[in-house]
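Notes follow the structure.
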Protein chains: 2
Amino acid sequence: MTNLEPIDRAILRVLSEDGRCSFTDLAEKVGLSVSAVHQRVRRLEQRGVLRGYAARLDHEQVGLPLTAFISLTPIDPSAPDDYPQRLAALPEVQSCYSVAGDESYILLVRVAKATALEDLLRRIREVANVSTRTTVVLSTPYEDRPPAV
Amino acid sequence: MTNLEPIDRAILRVLSEDGRCSFTDLAEKVGLSVSAVHQRVRRLEQRGVLRGYAARLDHEQVGLPLTAFISLTPIDPSAPDDYPQRLAALPEVQSCYSVAGDESYILLVRVAKATALEDLLRRIREVANVSTRTTVVLSTPYEDRPPAV
DNA sequence: TCTGAAATAGAGACATC
DNA sequence: GATGTCTCTATTTCAGA
């Protein structure tokens, strides 16, 4: 963890909740001049603490209402471990975690409907030579809450 | 899924990757005038398709390098199902999914170190009367990729 | 690192097609 | 719905403390 001053933390907190917040507003909220805030944000971006900004979409309205976790177990344990790279070719795979435990990877995927999930599973096995275990998400009470920076 | 025109999809695609993109740039990228894009973005926000904007943080540098999935099984099956609400009080819980399968919920949590995870597990059991199963994330090849809208 | 000022660029509103 | 123009505000750079 890089040292983060309280003001930097405040900036990150604001931008986590409102990524399009103007420098003017941001300056007011953290109690600094606009140019000082501007400099700090640029520095946080350069250091890579701030990795970018993203729109939060409503997955339902965007046509991807079905979310699932897919756990992967390699079929050939001696195969080279390039699974993440192979799976990146599938746009439905939103996140890929390498995990400790019985299985090697956990994927978070989003698709339009059950048959699309079935099809995705087939393509995952095809592209990565893995066995899969799928946990379907029924509802999402909350997701990606801003961290307590 | 609400009907989404190709241009709206293009707008969402751009803003998913660069949430702070200016209307001027956005207009150029989707091939429309600035004011037309402006109107469309406002409409997408009003419809709730665009739910907001968030900074992408580097969890390591922000002091939360340890990620884990925690699956929950209620101990008392007849207890009222207010788990998400109870767990929302814990800031380490970033996402909460209600899932089909052996377990009822999957949480994604972020903490500073192993002892903080241990402490969090204790608080989760305390606040929610559940048994837990934890899967520690070793590395994150990628996360929150923009969807193929 | 901060501030404040000056120049450039973008946001937002409006009338028109 | 889209466009172009207009006004106002925000962004960005810079000199100086």
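In the text below, chain A, chain B and the rest are named by the order of the sequence lines, each starting its count at 1.
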For this session: Using atom CZ of B/Phe23 as one end and atom P of D/dG4 as the other, report the distance to the nearest whole Å.
Result: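 The answer, rounded to whole Å, is 18 Å.
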
Rounded to whole angstrom units, what separation is found between the CZ atom of A/Arg43 and the C1' atom of D/dT12?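 Taking atom C1' of D/dT12 as the reference, CZ of A/Arg43 is at 18 Å.
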
Does [X] put a side-chain nitrogen or oxygen below 4.0 Å from OP1 or OP2 of [N]?
| X | N | value |
| --- | --- | --- |
| B/His38 | C/dA11 | no |
| A/Arg42 | D/dT11 | no |
| A/Ser22 | D/dT9 | no |

Item checked: 5' precedence on DNA chain C between A/Leu32 and A/Arg20 (nearest-nucleotide basis) ->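 Here A/Leu32 is the residue nearer the 5' end.
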
Assess whether a salt bridge exists between A/Glu45 and A/Arg42, defined as any Lys/Arg side-chain N lying under 4.0 Å from an Asp/Glu carboxylate O.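 Yes.
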
Test: A/Arg110 and A/Glu143 ion pair at under 4.0 Å:
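A salt bridge links A/Arg110 with A/Glu143.
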
- Side chain of A/Ala36 only, please: which of D/dT11, D/dT3, C/dT3 is the nearest?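 Closest nucleotide to the A/Ala36 side chain: C/dT3.
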
Review point. Of the nucleotides D/dA2, C/dA11, C/dT1, which has the atom closest to the B/Arg40 side chain?
Key: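 The answer is D/dA2.
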
What's the shortest heavy-atom distance between B/Pro91 and A/Arg145, and which atoms?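 So the two residues come closest at CA-NH2, 3.9 Å.
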
A/Val137 and B/Phe69: same hydrophobic cluster, using ILVMFWY side-chain contacts below 4.5 Å?
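As far as the 4.5 Å side-chain criterion goes, B/Phe69 and A/Val137 are connected within one cluster.
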
- Taking atom types as they are modelled, is there a donor-acceptor pair under 3.5 Å from the base of C/dG4 to the side chain of A/Ser35?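 Result: at least one qualifying N/O pair found.
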
What contact category does A/Val34 fall into here, base, sugar-phosphate, or nothing, at under 4.0 angstrom with non-hydrogen atoms?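 Base, at least one base atom sits under 4.0 Å.
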
